[in-house]
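The next block holds one structure in the form of C-alpha coordinates; read it before the comments.
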Amino acid sequence: MIALVDCNNFYASCERIFRPDLERKPIVVLSNNDGCVIARSNEAKRLGIQMGEPAFKKKEVFQKNDIKVFSTNFVLYGDMSKRVMSILRKNSKDIEIYSIDEAFLKCYNEDLENYAVNLRDKVKQWTGIPVSIGIAKTKVLAKIANRIAKKYKKSGAFVLDRQEIIEKALKFTYVEDIWGIGRNYAKTLREYGIHTAYDLTCIEESWIKRKFSVVVLKIVQELKGINCLELESEYKKKKNICTSRSFGQPISDYNKLKEAVSTFAVRCCEKLRKQKTCASEIRIFIYTNPFNPRQRQYYGTRSIKLDHATNDNHIIIQEAIKALKLIYKKGYSYKKAGVIVGKLINDNEVQLSLFDQIYNREKYTKISKTIDKINNNMGRDKLRIATQGFDRNWKMKQEQLSPCYTTRIDEILTVKI
DNA sequence: TCTGGGGTCCTAGGACCC
DNA sequence: TCTGGGGTCCTAGGACCC
(Lines give C-alpha, C1' and ligand atoms only; values in the text may rest on other atoms or scores of the structure.)
Protein backbone atom coordinates (compact mmCIF):
# COMPACT_ATOMS: atom_id res chain seq x y z
CA MET A 1 0.00 0.00 0.00
CA ILE A 2 1.03 3.59 -0.58
CA ALA A 3 0.74 6.33 2.02
CA LEU A 4 0.60 9.99 1.12
CA VAL A 5 1.81 12.19 3.95
CA ASP A 6 0.89 15.83 3.42
CA CYS A 7 1.64 18.71 5.79
CA ASN A 8 -1.43 20.75 6.72
CA ASN A 9 -1.25 24.39 5.60
CA PHE A 10 2.50 23.91 5.55
CA TYR A 11 3.87 27.46 5.35
CA ALA A 12 1.31 28.76 7.82
CA SER A 13 2.11 25.89 10.19
CA CYS A 14 5.87 26.63 9.95
CA GLU A 15 5.27 30.23 11.00
CA ARG A 16 2.98 29.24 13.85
CA ILE A 17 5.35 26.74 15.44
CA PHE A 18 7.56 29.59 16.54
CA ARG A 19 4.67 31.86 17.47
CA PRO A 20 2.58 29.88 19.92
CA ASP A 21 0.67 33.09 20.65
CA LEU A 22 -0.91 32.63 17.21
CA GLU A 23 -2.41 29.23 18.02
CA ARG A 24 -6.01 29.15 16.79
CA LYS A 25 -5.58 32.58 15.19
CA PRO A 26 -5.95 33.21 11.45
CA ILE A 27 -2.65 33.37 9.55
CA VAL A 28 -1.78 33.92 5.91
CA VAL A 29 1.55 33.68 4.13
CA LEU A 30 2.17 35.83 1.06
CA SER A 31 4.14 35.12 -2.09
CA ASN A 32 7.32 36.96 -3.02
CA ASN A 33 6.92 40.73 -3.13
CA ASP A 34 4.09 40.27 -0.64
CA GLY A 35 1.92 39.75 -3.71
CA CYS A 36 -0.60 36.94 -3.35
CA VAL A 37 -1.87 34.68 -0.59
CA ILE A 38 -0.13 31.32 -0.94
CA ALA A 39 -0.92 29.67 2.38
CA ARG A 40 -3.71 30.00 4.94
CA SER A 41 -4.37 28.53 8.33
CA ASN A 42 -7.77 26.85 8.75
CA GLU A 43 -9.05 29.94 10.56
CA ALA A 44 -8.10 32.12 7.59
CA LYS A 45 -9.74 29.67 5.17
CA ARG A 46 -12.92 29.88 7.20
CA LEU A 47 -12.85 33.67 6.83
CA GLY A 48 -13.10 33.16 3.09
CA ILE A 49 -9.53 34.07 2.12
CA GLN A 50 -8.87 32.37 -1.23
CA MET A 51 -5.68 30.79 -2.47
CA GLY A 52 -3.80 33.10 -4.82
CA GLU A 53 -5.77 36.22 -3.97
CA PRO A 54 -3.81 39.48 -4.33
CA ALA A 55 -2.95 40.73 -0.85
CA PHE A 56 -3.76 44.38 -1.53
CA LYS A 57 -7.38 43.47 -2.28
CA LYS A 58 -7.73 41.83 1.12
CA LYS A 59 -5.98 44.43 3.24
CA GLU A 60 -9.15 45.50 4.98
CA VAL A 61 -10.24 41.92 5.63
CA PHE A 62 -6.85 41.22 7.17
CA GLN A 63 -7.16 44.20 9.48
CA LYS A 64 -10.78 43.70 10.39
CA ASN A 65 -10.30 40.07 11.38
CA ASP A 66 -6.91 40.51 12.96
CA ILE A 67 -5.30 38.12 10.48
CA LYS A 68 -1.57 37.80 11.00
CA VAL A 69 0.26 38.26 7.70
CA PHE A 70 3.70 36.82 6.92
CA SER A 71 6.07 37.38 4.01
CA THR A 72 7.34 34.16 2.55
CA ASN A 73 10.39 32.71 4.33
CA PHE A 74 11.63 29.86 2.17
CA VAL A 75 14.74 29.30 4.24
CA LEU A 76 12.57 28.44 7.21
CA TYR A 77 10.10 26.29 5.24
CA GLY A 78 12.90 24.42 3.49
CA ASP A 79 14.57 23.57 6.76
CA MET A 80 11.32 22.46 8.42
CA SER A 81 10.58 20.31 5.38
CA LYS A 82 13.94 18.59 5.73
CA ARG A 83 13.12 17.74 9.33
CA VAL A 84 9.73 16.28 8.48
CA MET A 85 11.14 14.25 5.58
CA SER A 86 13.95 12.82 7.69
CA ILE A 87 11.38 11.40 10.11
CA LEU A 88 9.40 9.88 7.24
CA ARG A 89 12.55 8.40 5.77
CA LYS A 90 13.23 6.60 9.03
CA ASN A 91 9.78 5.02 8.78
CA SER A 92 10.02 3.68 5.26
CA LYS A 93 12.95 3.09 3.00
CA ASP A 94 10.74 3.43 -0.07
CA ILE A 95 9.91 7.08 -0.07
CA GLU A 96 9.31 9.63 -2.78
CA ILE A 97 9.59 13.24 -1.71
CA TYR A 98 7.05 14.75 -4.03
CA SER A 99 7.16 18.40 -2.99
CA ILE A 100 8.23 20.62 -0.13
CA ASP A 101 5.31 19.43 1.99
CA GLU A 102 4.35 15.96 0.83
CA ALA A 103 5.80 12.49 0.35
CA PHE A 104 4.66 9.06 -0.82
CA LEU A 105 5.70 6.10 1.34
CA LYS A 106 5.35 2.40 0.73
CA CYS A 107 3.98 0.68 3.79
CA TYR A 108 3.84 -2.98 4.60
CA ASN A 109 2.20 -2.89 8.03
CA GLU A 110 -0.75 -5.00 9.07
CA ASP A 111 -2.61 -2.34 10.96
CA LEU A 112 -2.40 0.61 8.59
CA GLU A 113 -4.72 2.87 10.55
CA ASN A 114 -2.58 2.50 13.63
CA TYR A 115 0.62 2.99 11.65
CA ALA A 116 -0.69 6.24 10.18
CA VAL A 117 -1.88 7.65 13.48
CA ASN A 118 1.46 6.86 15.15
CA LEU A 119 3.45 8.42 12.33
CA ARG A 120 1.31 11.51 12.42
CA ASP A 121 1.77 11.89 16.17
CA LYS A 122 5.51 11.44 15.87
CA VAL A 123 5.90 14.15 13.21
CA LYS A 124 3.76 16.50 15.24
CA GLN A 125 5.69 15.89 18.43
CA TRP A 126 9.16 16.08 16.91
CA THR A 127 8.66 19.03 14.55
CA GLY A 128 5.39 20.72 15.53
CA ILE A 129 4.03 20.27 12.00
CA PRO A 130 0.54 18.72 11.70
CA VAL A 131 0.23 16.24 8.83
CA SER A 132 -2.56 14.21 7.24
CA ILE A 133 -2.05 10.68 5.98
CA GLY A 134 -4.03 8.84 3.33
CA ILE A 135 -3.33 5.21 2.50
CA ALA A 136 -4.48 3.24 -0.55
CA LYS A 137 -3.35 0.92 -3.31
CA THR A 138 -2.28 3.58 -5.83
CA LYS A 139 -0.95 7.12 -5.69
CA VAL A 140 -4.13 8.69 -7.07
CA LEU A 141 -6.27 6.79 -4.54
CA ALA A 142 -3.86 7.76 -1.75
CA LYS A 143 -4.38 11.39 -2.76
CA ILE A 144 -8.13 10.92 -2.41
CA ALA A 145 -7.69 9.19 0.95
CA ASN A 146 -5.48 12.03 2.11
CA ARG A 147 -8.02 14.64 1.13
CA ILE A 148 -10.68 12.87 3.16
CA ALA A 149 -8.30 12.48 6.10
CA LYS A 150 -7.49 16.19 6.07
CA LYS A 151 -11.04 17.39 5.72
CA TYR A 152 -13.12 14.95 7.70
CA LYS A 153 -11.03 12.78 10.01
CA LYS A 154 -10.10 13.95 13.46
CA SER A 155 -7.32 11.38 13.58
CA GLY A 156 -5.85 12.92 10.42
CA ALA A 157 -5.56 9.47 8.88
CA PHE A 158 -7.71 7.52 6.45
CA VAL A 159 -7.23 4.11 4.86
CA LEU A 160 -8.91 3.18 1.58
CA ASP A 161 -8.72 -0.57 1.53
CA ARG A 162 -12.09 -2.33 1.23
CA GLN A 163 -13.88 -2.15 -2.10
CA GLU A 164 -17.11 -0.68 -0.75
CA ILE A 165 -15.21 2.11 1.01
CA ILE A 166 -13.29 2.90 -2.16
CA GLU A 167 -16.50 3.09 -4.14
CA LYS A 168 -18.08 5.38 -1.58
CA ALA A 169 -15.02 7.64 -1.61
CA LEU A 170 -15.01 7.79 -5.43
CA LYS A 171 -18.68 8.75 -5.51
CA PHE A 172 -17.88 11.41 -2.94
CA THR A 173 -15.02 12.97 -4.97
CA TYR A 174 -15.73 15.44 -7.78
CA VAL A 175 -13.61 15.24 -10.91
CA GLU A 176 -11.90 18.58 -10.27
CA ASP A 177 -10.67 17.26 -6.92
CA ILE A 178 -8.79 14.38 -8.50
CA TRP A 179 -5.01 14.72 -8.65
CA GLY A 180 -4.09 15.39 -12.28
CA ILE A 181 -7.49 16.71 -13.34
CA GLY A 182 -7.24 20.45 -13.56
CA ARG A 183 -9.74 23.15 -14.37
CA ASN A 184 -9.83 22.52 -18.10
CA TYR A 185 -10.19 18.76 -18.03
CA ALA A 186 -12.80 19.03 -15.28
CA LYS A 187 -14.86 21.43 -17.36
CA THR A 188 -14.78 19.13 -20.38
CA LEU A 189 -15.61 16.08 -18.28
CA ARG A 190 -18.58 17.80 -16.70
CA GLU A 191 -19.85 18.84 -20.12
CA TYR A 192 -20.00 15.14 -20.92
CA GLY A 193 -21.93 14.47 -17.73
CA ILE A 194 -19.00 13.00 -15.86
CA HIS A 195 -19.08 14.56 -12.42
CA THR A 196 -17.41 12.26 -9.93
CA ALA A 197 -14.36 10.03 -9.76
CA TYR A 198 -16.77 7.11 -9.76
CA ASP A 199 -18.34 8.28 -13.05
CA LEU A 200 -14.87 8.39 -14.53
CA THR A 201 -14.23 4.75 -13.70
CA CYS A 202 -17.36 3.74 -15.63
CA ILE A 203 -16.30 5.32 -18.93
CA GLU A 204 -14.72 3.37 -21.75
CA GLU A 205 -10.95 3.74 -21.61
CA SER A 206 -10.41 4.16 -25.33
CA TRP A 207 -12.68 7.19 -25.28
CA ILE A 208 -10.64 8.73 -22.44
CA LYS A 209 -7.42 8.19 -24.33
CA ARG A 210 -8.82 9.65 -27.54
CA LYS A 211 -10.56 12.60 -25.94
CA PHE A 212 -7.77 13.53 -23.52
CA SER A 213 -4.40 11.76 -23.36
CA VAL A 214 -2.60 8.80 -21.85
CA VAL A 215 -2.02 10.98 -18.78
CA VAL A 216 -5.73 11.03 -18.01
CA LEU A 217 -6.04 7.36 -18.92
CA LYS A 218 -3.40 6.49 -16.32
CA ILE A 219 -5.28 8.48 -13.72
CA VAL A 220 -8.47 6.57 -14.48
CA GLN A 221 -6.66 3.24 -14.15
CA GLU A 222 -5.15 4.34 -10.88
CA LEU A 223 -8.66 5.12 -9.66
CA LYS A 224 -9.54 1.51 -10.48
CA GLY A 225 -6.66 0.31 -8.34
CA ILE A 226 -4.23 -0.45 -11.20
CA ASN A 227 -0.75 0.91 -10.52
CA CYS A 228 0.41 3.20 -13.32
CA LEU A 229 2.43 5.80 -11.45
CA GLU A 230 5.45 4.21 -9.84
CA LEU A 231 7.00 5.46 -6.65
CA GLU A 232 10.09 7.42 -7.67
CA SER A 233 12.46 7.25 -4.78
CA GLU A 234 15.57 8.26 -6.67
CA TYR A 235 16.50 11.89 -6.82
CA LYS A 236 15.99 13.12 -10.36
CA LYS A 237 18.07 15.91 -11.78
CA LYS A 238 16.10 18.83 -13.11
CA LYS A 239 15.82 19.14 -16.88
CA ASN A 240 15.25 22.88 -16.80
CA ILE A 241 16.20 25.43 -14.20
CA CYS A 242 14.61 28.84 -13.89
CA THR A 243 15.33 31.86 -11.74
CA SER A 244 12.91 34.76 -12.09
CA ARG A 245 11.58 37.56 -9.95
CA SER A 246 9.03 40.31 -10.01
CA PHE A 247 10.60 43.57 -8.94
CA GLY A 248 9.50 45.53 -5.89
CA GLN A 249 9.57 48.61 -8.13
CA PRO A 250 9.30 48.49 -11.92
CA ILE A 251 12.61 49.06 -13.75
CA SER A 252 13.18 51.05 -16.93
CA ASP A 253 16.92 51.49 -16.73
CA TYR A 254 18.97 49.05 -18.80
CA ASN A 255 21.85 48.87 -16.34
CA LYS A 256 19.56 47.98 -13.45
CA LEU A 257 17.98 45.28 -15.55
CA LYS A 258 21.44 44.01 -16.39
CA GLU A 259 22.26 43.69 -12.69
CA ALA A 260 19.10 41.72 -12.05
CA VAL A 261 19.57 39.42 -15.03
CA SER A 262 23.21 38.82 -14.06
CA THR A 263 22.17 37.85 -10.57
CA PHE A 264 19.48 35.46 -11.88
CA ALA A 265 22.08 33.92 -14.20
CA VAL A 266 24.42 33.33 -11.27
CA ARG A 267 21.58 31.73 -9.25
CA CYS A 268 20.96 29.38 -12.20
CA CYS A 269 24.67 28.49 -12.33
CA GLU A 270 24.69 27.69 -8.63
CA LYS A 271 21.71 25.38 -9.09
CA LEU A 272 23.40 23.77 -12.10
CA ARG A 273 26.61 23.13 -10.17
CA LYS A 274 24.68 21.77 -7.22
CA GLN A 275 23.11 19.02 -9.34
CA LYS A 276 26.34 18.59 -11.34
CA THR A 277 24.99 19.59 -14.73
CA CYS A 278 25.85 22.05 -17.49
CA ALA A 279 23.46 23.98 -19.72
CA SER A 280 23.53 23.98 -23.52
CA GLU A 281 20.83 26.60 -23.85
CA ILE A 282 19.94 29.77 -22.03
CA ARG A 283 16.78 31.78 -22.36
CA ILE A 284 16.00 35.12 -20.83
CA PHE A 285 12.77 37.07 -20.63
CA ILE A 286 11.64 40.49 -19.47
CA TYR A 287 8.14 41.86 -19.29
CA THR A 288 5.99 44.76 -18.22
CA ASN A 289 3.20 44.54 -15.67
CA PRO A 290 0.31 42.68 -17.37
CA PHE A 291 -2.11 43.81 -14.67
CA ASN A 292 -1.68 47.47 -15.54
CA PRO A 293 -3.99 48.12 -18.49
CA ARG A 294 -2.96 51.76 -18.83
CA GLN A 295 0.62 50.82 -19.48
CA ARG A 296 2.14 49.90 -22.84
CA GLN A 297 2.78 46.18 -22.73
CA TYR A 298 5.84 44.31 -23.92
CA TYR A 299 7.04 40.74 -23.52
CA GLY A 300 10.57 40.10 -24.71
CA THR A 301 12.27 36.73 -24.77
CA ARG A 302 15.31 35.28 -26.48
CA SER A 303 17.21 32.07 -26.23
CA ILE A 304 20.83 31.38 -27.06
CA LYS A 305 22.37 28.03 -27.84
CA LEU A 306 25.82 27.35 -26.45
CA ASP A 307 28.38 25.44 -28.50
CA HIS A 308 29.93 24.21 -25.33
CA ALA A 309 27.69 23.37 -22.37
CA THR A 310 28.71 25.17 -19.20
CA ASN A 311 27.72 26.14 -15.67
CA ASP A 312 30.23 28.91 -15.33
CA ASN A 313 29.07 32.25 -13.92
CA HIS A 314 31.11 34.38 -16.31
CA ILE A 315 30.04 32.65 -19.48
CA ILE A 316 26.37 32.36 -18.62
CA ILE A 317 26.25 36.01 -17.55
CA GLN A 318 27.89 37.07 -20.80
CA GLU A 319 25.34 35.15 -22.84
CA ALA A 320 22.46 36.40 -20.73
CA ILE A 321 23.51 40.00 -21.26
CA LYS A 322 23.91 39.38 -24.98
CA ALA A 323 20.31 38.18 -25.06
CA LEU A 324 19.13 41.07 -22.91
CA LYS A 325 20.69 43.59 -25.28
CA LEU A 326 18.69 42.08 -28.12
CA ILE A 327 15.31 42.24 -26.41
CA TYR A 328 15.61 45.37 -24.29
CA LYS A 329 13.44 48.22 -25.49
CA LYS A 330 13.72 51.70 -24.11
CA GLY A 331 10.68 53.43 -22.68
CA TYR A 332 8.99 50.47 -21.01
CA SER A 333 8.88 49.86 -17.29
CA TYR A 334 9.64 46.24 -16.61
CA LYS A 335 8.02 44.34 -13.80
CA LYS A 336 9.64 40.95 -14.11
CA ALA A 337 12.69 39.26 -15.57
CA GLY A 338 14.07 35.75 -15.54
CA VAL A 339 16.72 33.36 -16.76
CA ILE A 340 16.03 29.76 -17.78
CA VAL A 341 18.77 27.27 -18.52
CA GLY A 342 17.92 24.13 -20.43
CA LYS A 343 19.20 21.19 -22.45
CA LEU A 344 21.08 20.13 -19.36
CA ILE A 345 23.73 17.44 -19.42
CA ASN A 346 25.90 15.89 -16.74
CA ASP A 347 29.00 17.95 -16.12
CA ASN A 348 31.27 14.97 -16.85
CA GLU A 349 29.64 14.32 -20.21
CA VAL A 350 30.11 17.70 -21.85
CA GLN A 351 31.00 17.46 -25.52
CA LEU A 352 34.25 19.33 -26.21
CA SER A 353 34.44 21.59 -29.20
CA LEU A 354 37.28 21.73 -31.68
CA PHE A 355 36.77 25.43 -32.17
CA ASP A 356 36.35 26.39 -28.53
CA GLN A 357 37.12 30.08 -28.09
CA ILE A 358 37.75 29.81 -24.38
CA TYR A 359 41.13 28.46 -23.39
CA ASN A 360 41.64 26.90 -20.05
CA ARG A 361 38.09 26.07 -19.05
CA GLU A 362 39.49 24.19 -16.09
CA LYS A 363 40.58 27.45 -14.59
CA TYR A 364 37.00 28.73 -14.80
CA THR A 365 35.73 25.58 -13.12
CA LYS A 366 38.18 26.08 -10.30
CA ILE A 367 37.11 29.69 -9.84
CA SER A 368 33.43 28.67 -9.67
CA LYS A 369 34.14 26.00 -7.10
CA THR A 370 36.11 28.45 -4.98
CA ILE A 371 33.35 31.07 -5.19
CA ASP A 372 30.77 28.49 -4.12
CA LYS A 373 32.91 27.43 -1.20
CA ILE A 374 33.45 30.97 0.06
CA ASN A 375 29.81 31.97 -0.40
CA ASN A 376 28.60 28.83 1.34
CA ASN A 377 30.60 29.85 4.37
CA MET A 378 30.31 33.61 4.29
CA GLY A 379 26.83 34.13 2.84
CA ARG A 380 25.21 34.40 -0.57
CA ASP A 381 26.88 36.78 -3.05
CA LYS A 382 29.66 37.78 -0.67
CA LEU A 383 31.87 37.16 -3.67
CA ARG A 384 30.20 38.18 -6.90
CA ILE A 385 30.69 39.34 -10.45
CA ALA A 386 30.69 43.12 -10.74
CA THR A 387 27.78 43.22 -13.21
CA GLN A 388 25.56 41.83 -10.45
CA GLY A 389 25.68 45.31 -8.94
CA PHE A 390 25.75 46.53 -5.37
CA ASP A 391 22.76 48.59 -4.34
CA ARG A 392 20.07 46.14 -5.47
CA ASN A 393 17.17 48.53 -5.45
CA TRP A 394 15.29 46.07 -7.67
CA LYS A 395 14.97 43.75 -4.70
CA MET A 396 11.59 42.38 -3.80
CA LYS A 397 9.31 43.59 -1.08
CA GLN A 398 9.18 41.50 2.12
CA GLU A 399 7.72 43.58 4.88
CA GLN A 400 6.50 40.85 7.21
CA LEU A 401 9.46 38.51 7.14
CA SER A 402 9.81 36.20 10.12
CA PRO A 403 13.21 35.26 11.54
CA CYS A 404 15.12 32.22 10.26
CA TYR A 405 14.66 30.51 13.61
CA THR A 406 16.31 27.23 12.68
CA THR A 407 19.16 28.26 10.40
CA ARG A 408 20.63 31.51 11.75
CA ILE A 409 22.18 31.54 15.16
CA ASP A 410 21.47 35.26 15.65
CA GLU A 411 17.78 34.77 14.83
CA ILE A 412 17.19 31.85 17.14
CA LEU A 413 14.04 31.88 19.26
CA THR A 414 14.34 33.73 22.57
CA VAL A 415 12.30 32.70 25.58
CA LYS A 416 11.49 35.08 28.37
CA ILE A 417 11.02 33.53 31.80
C1' DT B 1 -9.12 10.39 -62.50
C1' DC B 2 -5.38 8.40 -60.26
C1' DT B 3 0.06 10.26 -56.25
C1' DG B 4 3.31 5.12 -50.77
C1' DG B 5 4.92 3.71 -46.53
C1' DG B 6 7.87 3.78 -43.33
C1' DG B 7 10.70 6.48 -39.88
C1' DT B 8 13.19 10.47 -36.64
C1' DC B 9 13.84 14.86 -34.47
C1' DC B 10 12.45 19.33 -32.96
C1' DT B 11 9.34 22.94 -31.33
C1' DA B 12 5.39 25.36 -29.55
C1' DG B 13 1.58 25.13 -26.99
C1' DG B 14 -1.35 23.27 -23.66
C1' DA B 15 -2.37 20.60 -19.86
C1' DC B 16 -1.14 19.57 -15.21
C1' DC B 17 1.42 19.81 -10.31
C1' DC B 18 3.21 22.20 -5.79
C1' DT C 1 -0.22 51.94 -5.77
C1' DC C 2 -0.24 46.98 -4.87
C1' DT C 3 -1.31 40.52 -8.57
C1' DG C 4 4.60 34.40 -7.15
C1' DG C 5 8.00 31.11 -8.58
C1' DG C 6 9.14 27.12 -9.62
C1' DG C 7 8.57 22.49 -12.38
C1' DT C 8 6.82 18.08 -15.61
C1' DC C 9 4.78 15.60 -19.45
C1' DC C 10 2.22 14.97 -23.84
C1' DT C 11 0.66 16.08 -28.51
C1' DA C 12 0.38 17.91 -33.05
C1' DG C 13 2.64 19.56 -36.79
C1' DG C 14 6.54 20.56 -39.57
C1' DA C 15 10.89 19.43 -41.23
C1' DC C 16 13.78 16.01 -42.60
C1' DC C 17 15.44 10.93 -44.06
C1' DC C 18 15.06 6.40 -47.08
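Residue numbers begin at 1 in each chain, while the letters A, B, ... track the order of the sequences.
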Scan [X] against the nucleic acid and name what it touches under 4.0 Å (heavy atoms): base, sugar-phosphate only, or nothing.
{"X": "K305(A)", "answer": "sugar-phosphate"}
{"X": "I100(A)", "answer": "nothing"}
{"X": "K335(A)", "answer": "sugar-phosphate"}
{"X": "D101(A)", "answer": "sugar-phosphate"}
{"X": "E53(A)", "answer": "nothing"}
{"X": "K143(A)", "answer": "sugar-phosphate"}

Mind jotting down which residue pairs meet the ring pair (Phe, Tyr, Trp, His ring centres under 6.0 Å) criterion with at least one end in residues 243-276 of chain A? Sequence neighbours excluded, please. Y254(A)-Y328(A), F264(A)-W394(A)

Pairs touching residues 199-230 of chain A that satisfy ring pair (Phe, Tyr, Trp, His ring centres under 6.0 Å), sequence neighbours left out: Y185(A)-F212(A), Y192(A)-W207(A)

Of dG4(C), dC17(B), dA15(B), the nucleotide closest to the side chain of W179(A) is dC17(B)

Scoring nucleotides 5-14 of chain C by protein non-hydrogen atoms under 4.0 Å (B base, S sugar-phosphate only, - none) yields SSSSSSS---

S333(A) and Q295(A): side chain donor to acceptor below 3.5 Å: yes

Please give the angle, rounded to 10 degrees, between the axes at the start and the end of the helix from dG5(B)-dC18(C) to dC18(B)-dG5(C), where five pairs define each axis. 10°

Rounded to the nearest Å, what distance is computed from the [atom1] atom of residue [X] to the [atom2] atom of nucleotide [N]?
{"X": "F56(A)", "N": "dT3(C)", "atom1": "CZ", "atom2": "C1'", "answer": "6 Å"}
{"X": "K58(A)", "N": "dT1(C)", "atom1": "NZ", "atom2": "C1'", "answer": "18 Å"}
{"X": "I219(A)", "N": "dC16(B)", "atom1": "CD1", "atom2": "P", "answer": "9 Å"}
{"X": "F70(A)", "N": "dG4(C)", "atom1": "CZ", "atom2": "C1'", "answer": "19 Å"}
{"X": "M51(A)", "N": "dT3(C)", "atom1": "CE", "atom2": "C1'", "answer": "14 Å"}

Does [X] count as lying over the ring of [Y], i.e. NZ or CZ under 6.0 Å from the six-ring centre, within 45 degrees of the axis?
{"X": "R190(A)", "Y": "Y174(A)", "value": "yes"}
{"X": "K106(A)", "Y": "Y108(A)", "value": "no"}
{"X": "K171(A)", "Y": "Y198(A)", "value": "yes"}

In a check of side chain to side chain donor-acceptor pair (under 3.5 Å) between N8(A) and each of S132(A), S13(A), S41(A), which one passes? S132(A)

Going by salt bridge (Lys or Arg N to Asp or Glu O under 4.0 Å), name the residues that satisfy it together with D381(A), two or more places apart in sequence or in a different chain. R267(A), R392(A)

Could you tell me whether a side-chain N or O of N311(A) sits under 3.5 Å from a main-chain N or O of L272(A), the two making a donor and an acceptor? no

So, the side chain of D356(A) versus the backbone of I358(A): is there a donor-acceptor pair under 3.5 Å, distance only? yes

Should the pair D6(A)-K150(A) be classified as a salt bridge under the 4.0 Å nitrogen-to-oxygen rule? yes

Close approaches to DNA chain B from residues 90-99 of chain A, in residue order (heavy atom, under 4.0 Å): Y98(A), S99(A)

